[in-house]
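Naming convention: chains lettered A, B, ... in sequence-line order (proteins, then strands); numbering from 1 in each chain.
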Amino acid sequence: MSSILLDFEKPLEELHEQLMKAKQIQEKGKVNVNTVIKELESKIEKTRKDLYSNLSAWQRVQLSRHPERPYTLDYINAITEGNFLELFGDRQVKDDKAMIGGFGSINGETVMFVGQQKGNNTKARQFRNFGMPNPEGYRKALRLFKLAEKFNKPIITLIDTPGAFPGLEAEERGQGEAIARNLYEMSILKVPVICIIIGEGASGGALGIGIGDKVLMLENTWYSVISPESCSSILWRNWDNKERAADALKLTSLDMSELKLIDGIISEPVGGAHSNHPEIFESVKREIIKHLAVLTKMDPEMRVQQRLEKFCSMGVYKEE
Amino acid sequence: MSWFKRIKSGITTETHEKKETPEGLWYRCPSCKSIIPSKEHSDNSWVCVKCGYHERIGSQEYFEIIFDDNTYEEINANLTSADPLEFVDTKKYHERLVESQQKTGLKDAIRTVTGTCNGLPLTVACMDFRFIGGSMGSVMGEKIARAIDYSIKHKTPFMIISKSGGARMMEAAFSLMQMAKTSAKLTQLSAAKLPYISLLTDPTTGGVTASFAMLGDLNIAEPGALIGFAGPRVVKETIGKDLPKGFQTSEFVLDHGFLDFIVVRQELKAKLAQVLAFMKN
């Protein structure tokens with residue numbers, strides 16, 4: 001059970017308080033409130049199911065940013081059972097702490113992991129630059145992709161970023177070029193590539209490691225050209241329309257799947273990924289294994305061809 | 001005592017007798033404020049004869065500059081946006097499109113054409129900033145993709161003239177995926193060993209910079225253009241202080257190693273012809 005409740009989870013807060021009180025009374029042992037406790041517990045479960053069965057786009061955005069949500073390294077450590085070797089540096093400027101990567105083992109098979117990394121306390125968040133990579137992050141990613149290609153190892157990218165960092169030095173070192181280069185190179189990598197959005201999928205910063213044979217989204221994540229807040233501030237000149245913007249952008253996993261811009265959704269536990277870490281780790285691992293089994297059997301040229309065709313067919317237009 | 005005396009008071013010319021100055025006879029440079037005869041200005045490729053300021057021009061003007069005898073053929077002219085998300089902000093996207101189409105006489109923010117430059121065949125995709133800020137949606141992605149197919153089929157070099165604020169928000173994730181689509185498509189052009197020249201003009205930012213605009217065999221730019229990934233306002237907010245002078249200009253981007261050279265518009269055609277001759281297989 002999460003200790004941090006989001007605003008839309010307020011109905012649960014009162015029930016939790018009642019449950020606490022009932023348990024205290026029970027402990028004192030004077031009155032038997034067992035039936036009350038059971039009732040409350042089932043009520044909490046039901047309320048939670050109701051809340052989570054009908055999430056709005058904005059609520060999913062909130063869940064994607066939940067502070068107790070697992071981050072990239074949490075997934076990697078769980079999936080590889082600790083058999084992971086982190087590799088650093090882009091060999092040009094520096095090591096970007098917002099982008100991590102390295103070799104890891106899934107059920108005895110070596111894969112290359114790459115992903116944006118967020119921090120789970122103030123200090124770590126700063127250290128990780130809030131998961132916003134600089135150009136060297138994208139170049140480090142590309143270096144690791146090429147390394148994986150050289151040794152014929154599949155690539156798994158885990159995407160969780162509020163965007164590529166819009167800083168002064170990022171511009172000096174060619175943020176645009178770094179992302180563009182990755183889009184180009186990733187579309188012709190000869191090894192299988194699976195991309196999974198585990199949190200926020202913000203624009204070019206996400207896409208920069210997001211060109212894969214399979215692009216999957218966890219249920220409560222978002223992926224779009226802009227965050228709902230920024231969209232609201234550009235189109236309505238304020239942040240108050242972020243909920244409307246979230247709806248309009250069609251940025252949830254369900255929307256993205258319906259629009260055929262992603263290849264699948266990975267279900268989260270009721271209550272969101274943060275409410276049950278082992279369960280979501282298991283689901284993600286299962287999905288990776290399932291897709292790798294198919295992708296590794298394909299002819300590499302055919303795989304690249306299909307990847308290219310998939311991205312080249314994206315877009316809706318009219319021809320008069 | 002005054003020197004002369006007004007006999008009649010006020011303006012005496014009747015409204016219908018008023019002589020209008022013909023529209024567009026003069027160009028006023030927004031940079032040095034000089035007033036220049038329009039003909040002289042357009043003869044100088046819409047570059048201010050006094051200060052060298054490059055006026056923002058549209059696809060029609062670029063085609064006139066580049067192609068021999070101003071002769072070219074437009075391809076896939078009839079692609080228009082389908083509003084896949086039925087996007088509504090302060091206005092319906094659908095209405096915004098119709099308005100832009102009526103105002104500009106264009107179908108979308110890019111046109112793709114084919115012709116010859118100094119006798120050498122060339123396929124060009126050029127943006128129009130007047131059309132929703134030159135923003136990239138599905139139409140732009142598809143037109144670029146088809147122009148690349150055309151280049152490969154007819155073995156012509158390919159050029160994109162970028163002038164865009166980036167991705168078109170009203171097509172959300174579809175716009176984002178155009179970055180992937182165009183970059184993926186460029187791998188095919190590259191495999192066919194055909195030159196791709198990217199000309200960055202004022203402004204080139206966002207998703208356009210982070211995809212095809214930075215992927216040229218040659219990346220070239222007009223002087224003084226704004227070129228960047230994040231917009232200057234966003235960068236300023238991020239760092240919390242004023243930006244250094246000349247930040248994100250063509251000269252700045254050249255200095256940091258992301259451009260091959262800067263070319264003034266009056267020399268664009270000659271330079272292009274030189275490049276095409278050098279890269280001819």
- Would you mind checking which part of A:L259 comes under 4.5 Å of any heavy atom in chain B, side chain (CB onward), backbone (N, CA, C, O), both or neither? both
- Note on the structure: Given A:G201, A:C231, A:A170, the one with more heavy-atom pairs under 4.5 angstrom with chain B than any other is A:C231
- Query: Side chain, backbone, both or neither: which part of B:V235 has a heavy atom under 4.5 Å from chain A?
  - Reply: both
- Scored by heavy-atom pairs under 4.5 Å with chain A, the best of B:H256, B:Q178, B:K91 is B:H256
- Which of A:F311, A:Y184, A:W236 touches chain B most, by non-hydrogen pairs under 4.5 Å: A:Y184
- Kindly check if the number of other-residue, nucleotide or ligand heavy atoms within 6.0 Å of CD (B:E86) is above 12? no
- Query: B:F252 versus chain A, heavy atoms under 4.5 Å apart: side chain, backbone, both or neither?
  - Reply: side chain
- Query: Roughly how far, to the nearest 0.5 Å, is the CG atom of A:L308 from the NZ atom of B:K181?
  - Reply: 12.5 Å
- Query: Within a reach of under 6.0 Å around CD of A:E258, are more than 12 heavy atoms found that belong to other residues, nucleotides or ligands?
  - Reply: no
- Per-residue tally against chain A (heavy atom, under 4.5 Å) across B:G207, B:G206, B:A210 peaks at B:A210
- Message: Can you tell me if A:K97 has over 12 outside heavy atoms packed within less than 6.0 Å of its NZ?
- Response: yes
- Query: Distance from B:T238 atom OG1 to A:F165 atom CZ, nearest 0.5 Å?
  - Reply: 5.5 Å
- Query: Is the backbone of B:A82 close enough, under 3.5 Å, to the side chain of A:K318 for a donor and an acceptor to pair up by distance?
  - Reply: no
- Task: Under 4.5 Å, counting heavy-atom pairs only, tell me which of A:G174, A:C312, A:S187 racks up the most with chain B.
- Result: A:C312
- Query: Given that the side chain runs from C-beta out, which part of A:L235 has a heavy atom under 4.5 Å from chain B: side chain, backbone, both or neither?
  - Reply: both
- What part of B:F258 gets closer than 4.5 Å to chain A, counting heavy atoms only: side chain, backbone, both or neither? side chain
- Query: Does CD in B:E73 sit with more than 12 non-hydrogen atoms of other residues, nucleotides or ligands closer than 6.0 Å?
  - Reply: no
- Query: Is it the side chain or the backbone of A:L207 that comes within 4.5 Å of chain B heavy atoms, both, or neither?
  - Reply: side chain
- Query: Checking A:I211 against chain B: side chain, backbone, both or neither under 4.5 Å from a heavy atom?
  - Reply: side chain
- Message: I need the residue from A:S232, A:A248, A:G208 with the largest number of non-hydrogen atom pairs under 4.5 Å to chain B.
- Response: A:A248
- Note on the structure: Cut-off 4.5 Å, heavy atoms of chain A, and the answer for B:E237 is neither
- Message: Tell me if a side-chain donor or acceptor on A:K250 pairs with a main-chain N or O of B:L85 at a distance below 3.5 Å.
- Response: yes
- Give, as side chain, backbone, both or neither, the part of B:I239 having an atom under 4.5 angstrom from any heavy atom of chain A. side chain
- Query: Between A:I179, A:I234, A:D247, which shows the greatest number of heavy-atom pairs under 4.5 Å with chain B?
  - Reply: A:I179
- Item | Reported CE-to-OG1 distance for the pair A:M186 and B:T187, which is rounded to 0.5 angstrom | 13.5 Å
- Task: Please state whether the side chain, the backbone, both or neither of A:R244 comes within less than 4.5 Å of a heavy atom of chain B.
- Result: side chain
- Task: Give the member of A:E185, A:K310, A:R307, A:R181 that has the highest number of heavy-atom pairs under 4.5 Å with chain B.
- Result: A:R181
- Taking all heavy atoms of A:A180 and all of B:M214, pick out the closest pair and write down the distance. CB-CB, 4.2 Å
- Lys/Arg N to Asp/Glu carboxylate O, B:R146 vs A:E319, below 4.0 Å: yes
- Query: Does the side chain to side chain contact (heavy atoms under 4.5 Å, CB included) test come out yes or no for B:F87 and A:L249, once each step is laid out?
  - Reply: CA-CA 8 Å; B:F87 197 93; A:L249 287 168; 4.1 Å; yes
- Query: In Å, rounded to the nearest 0.5 Å, how long is the span from CD of A:E177 to CG of B:N219?
  - Reply: 8.0 Å
- Query: Between B:N78, B:D83, B:N76, which has the largest tally of heavy atom pairs under 4.5 Å with chain A?
  - Reply: B:N78
- In Å, rounded to the nearest 0.5 Å, how long is the span from CG of A:N182 to OG of B:S211? 12.5 Å
- Starting at OG of A:S224, measure out to CE of B:M177 and round the result to the nearest 0.5 Å. 8.5 Å
- Query: Which atoms of A:M256 come close to chain B, meaning under 4.5 Å heavy atom to heavy atom: side chain ones, backbone ones, both, or neither?
  - Reply: side chain
- Message: Please check this pair: side chain of A:E171 against backbone of B:F229, looking for a donor-acceptor N/O pair closer than 3.5 Å.
- Response: yes
- Closest-packed option against chain A by number of heavy-atom pairs under 4.5 Å, given B:T90, B:V234, B:V139: B:T90
- Message: Does any backbone or side-chain atom of B:A145 lie under 4.5 Å from a heavy atom of chain A? Answer side chain, backbone, both or neither.
- Response: neither
- Message: Only pairs of heavy atoms separated by less than 4.5 Å count here; which of B:E142, B:K185, B:Q188 has the most with chain A?
- Response: B:E142
- Message: Tell me the closest heavy-atom pair linking B:A172 and A:V225, and the distance in Å.
- Response: O-CB, 3.4 Å
- Query: Would you find a donor on one side and an acceptor on the other, under 3.5 Å apart, between the side chain of B:S138 and the backbone of A:G315?
  - Reply: no
- Item | Residue part contacting chain A, namely of B:K107, when any heavy atom lies under 4.5 Å | side chain
